[in-house]
Number of protein chains: 2
Amino acid sequence: MDHTIHGRPYEQTEDGPRFRPCAPHGVLARLGDKWTILVLSHLAVASGHRLRFSELKHGIEGITQRMLTLTLRNLERDGLLNRHYFPEVPPRVEYELTDMGASMLPALEGFTSWIRENWPRMEACRQTFDKARE
Amino acid sequence: MDHTIHGRPYEQTEDGPRFRPCAPHGVLARLGDKWTILVLSHLAVASGHRLRFSELKHGIEGITQRMLTLTLRNLERDGLLNRHYFPEVPPRVEYELTDMGASMLPALEGFTSWIRENWPRMEACRQTFDKARE
DNA sequence: CGGGATCCTGTCAGATACTG
DNA sequence: CAGTATCTGACAGGATCCCG
């Protein structure tokens with residue numbers, strides 16, 4: 001039998017539930033990496049949820065070709081976006097959110113709206129905390 | 001004037017909006033680290049949103065003392081939980097979600113529910129992707 | 001234009017040992 | 001019991017060069 005609390009798998013022990021590393025962690029780890037949120041933000045507001053490589057690169061301050069490529073590969077691997085390659089000269093490549101990728105946006109938006117509301121307070125907490133142990 | 005799209009700051013350029021690194025990324029990076037979600041999950045389901053250090057340590061498979069301490073410090077710094085120290089012998093320390101910490105749970109739950117629904121599909125996409133370029 | 005291949009670096013997780 | 005201190009290897013990510 002598989003037990004879950006709030007959808008998270010755990011095993012019962014005599015001292016209470018013990019969670020194991022699980023899916024939410026893996027996905028949030030991906031979203032939490034340095035560039036993924038920025039890439040998704042751009043595609044979220046783009047017409048057709050679709051942009052070419054150079055538009056993404058120019059739109060994200062400080063990202064290198066390599067990191068953009070890696071970020072896009074990971075998102076493609078997870079099925080969150082599709083890569084469209086046009087063998088023209090010069091070549092053109094467009095990235096587009098999949099249905100699954102687009103379906104994630106409301107959940108992400110819900111979370112980011114919480115963050116926006118609470119961000120000033122978190123920032124204040126950090127400064128208080130840091131000052132208390134300078 | 002400060003422009004935002006979906007709450008994210010950006011600067012306008014002749015080629016369209018350019019986002020800058022912003023608060024959502026920082027918070028998600030924290031949540032995405034290896035242990036934070038597991039710590040929050042435990043506190044979320046604990047009575048009074050409150051647990052002592054050893055309960056957390058025992059409840060999270062594989063975490064080291066050091067990493068649990070660091071994870072808890074970061075959450076405390078962000079104002080998401082409080083540390084209660086009882087100078088007994090042996091000492092006892094309890095960690096408790098703050099109001100802000102508890103207010104984050106619904107947003108987190110919304111996100112993790114999306115993940116649970118889509119996780120099998122993401123896993124399938126990864127395997128397809130990996131096989132295609134073995 | 002898009003991106004693969006290499007090399008290099010700082011950062012951080014993990015293990016271990018010690019302490020009030 | 002609940003930490004802190006120290007060391008180490010692994011790895012994320014930046015810089016650079018080249019290629020169809």
Side-chain angles (χ1 to χ4, degrees), chain A residues 15-16 20-21 25-39 42-43 46 50-78 81-96 129 132-134, chain B residues 15-16 21 25-26 28-39 42-43 46 50-77 81-96 129-130 132-134:
Chain A
D15 300 307
R20 287 165 303 168
H25 162 258
V27 177
L28 286 169
R30 163 98 339 117
L31 291 172
D33 74 11
K34 194 166 178 181
W35 305 108
T36 300
I37 295 278
L38 293 169
V39 169
H42 268 74
L43 288 170
R50 191 167 175 137
L51 288 171
R52 54 187 301 185
F53 185 88
S54 52
E55 291 174 313
L56 285 166
K57 173 148 172 41
H58 184 268
I60 300 174
E61 191 176 334
I63 196 170
T64 60
Q65 267 188 358
R66 175 183 139 85
M67 291 318 296
L68 180 53
T69 300
L70 287 177
T71 302
L72 291 167
R73 279 299 163 283
N74 281 326
L75 288 170
E76 187 191 359
R77 186 171 105 98
D78 291 345
L81 54 79
N82 285 321
R83 180 177 187 269
H84 302 280
Y85 175 70
F86 302 91
E88 311 163 353
V89 269
R92 176 166 57 99
V93 179
E94 293 182 355
Y95 292 91
E96 178 190 27
F129 185 87
R133 50 178 58 208
E134 91 269 68
Chain B
D15 301 307
H25 163 258
L28 286 167
R30 161 98 339 118
L31 292 171
D33 75 12
K34 192 167 181 182
W35 305 108
T36 299
I37 295 279
L38 292 168
V39 168
H42 268 73
L43 288 171
R50 190 166 176 139
L51 288 172
R52 56 187 298 185
F53 186 89
S54 54
E55 292 174 314
L56 285 165
K57 171 145 174 46
H58 184 267
I60 300 174
E61 191 177 336
I63 197 169
T64 60
Q65 267 187 358
R66 175 182 138 86
M67 292 317 296
L68 179 54
T69 300
L70 288 176
T71 302
L72 290 168
R73 279 299 165 282
N74 282 327
L75 289 170
E76 187 192 0
R77 186 170 105 99
L81 54 78
N82 285 320
R83 180 176 187 269
H84 301 280
Y85 175 71
F86 301 92
E88 312 161 353
V89 269
R92 176 166 58 98
V93 179
E94 294 182 355
Y95 292 91
E96 177 191 26
F129 185 87
D130 291 344
R133 47 179 58 207
E134 87 269 72

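By convention in this document, chain letters (A, B, ...) are assigned in the order of the sequence lines, proteins followed by strands, and residues within each chain are numbered from 1.
- Remark on DNA chain C: of its neighbouring residues F53(A) and T64(B), the 5'-side contact belongs to F53(A), judged by nearest-heavy-atom nucleotide.
- E94(B) is not listed as a side-chain neighbour of E55(B), based on a closest heavy-atom distance of 4.5 Å or more.
- Regarding Q65(A), its CD atom lies at a distance of 14 Å from the P atom of dA5(C), rounded to whole Å.
- Residues F53(B) and L72(B) are in side-chain contact: their nearest non-hydrogen atoms beyond the backbone lie under 4.5 Å apart.
- Counting to the nearest Å, the C1' atom of dA2(D) and the CD atom of E55(B) are 13 Å from each other.
- The phosphate of dG14(D) (OP1 or OP2) has a side-chain N or O of K34(A) nearer than 4.0 angstrom.
- When each of dG3(C), dG13(D), dG3(D) is scored by its nearest atom to the side-chain atoms of Y95(A), the top-ranked nucleotide is dG3(C).
- Distance from the side chain of P91(B) is smallest to dC1(D) among dG3(D), dG3(C), dC1(D).
- In this structure, F86(A) places its CZ atom 16 Å from P of dC1(C), rounding to the nearest Å.
- One can place CG of L70(A) at 14 Å from P of dA15(D), the figure rounded to the nearest angstrom.
- Rounding to whole angstrom units, CZ of residue R92(B) and P of dG3(D) are separated by 13 Å.
- Listed pair S54(A) / dG2(C) meets the phosphate criterion, a side-chain N or O lying under 4.0 Å from OP1 or OP2.
- We find that CG of N74(A) is positioned 14 Å from P of dG3(C), with the value rounded to whole Å.
- Residue W35(B) has no polar side-chain atom (N or O) positioned under 4.0 Å from OP1 or OP2 of dC12(C).
- Across the protein-nucleic acid pair, L68(B) atom CG and dC1(D) atom C1' stand 13 Å apart, rounded to whole Å.
- Here R73(A) reaches the OP1 or OP2 of dG4(C): one of its side-chain N or O atoms lies under 4.0 Å away.
- A donor-acceptor distance shorter than 3.5 angstrom exists from the side chain of H42(A) to the backbone of G59(A), with no hydrogens or angles considered.
- Two residues are said to be in side-chain contact when any heavy atoms from C-beta on lie closer than 4.5 Å; N74(A) and T36(A) fail this criterion.
- Donor-acceptor pairing under 3.5 Å, judged by distance alone, is absent between the side chain of R66(B) and the base of dG3(D).
- For the atom pair K34(A) NZ and T71(A) OG1, the distance stands at 10.5 Å (nearest 0.5 Å).
- Between the C1' atom of dA5(C) and the CE atom of M67(A) lies a distance of 15 Å, rounded to the nearest Å.
- Closest to the side chain of R52(B), out of dG3(C), dA2(D), dG13(D), is dA2(D).
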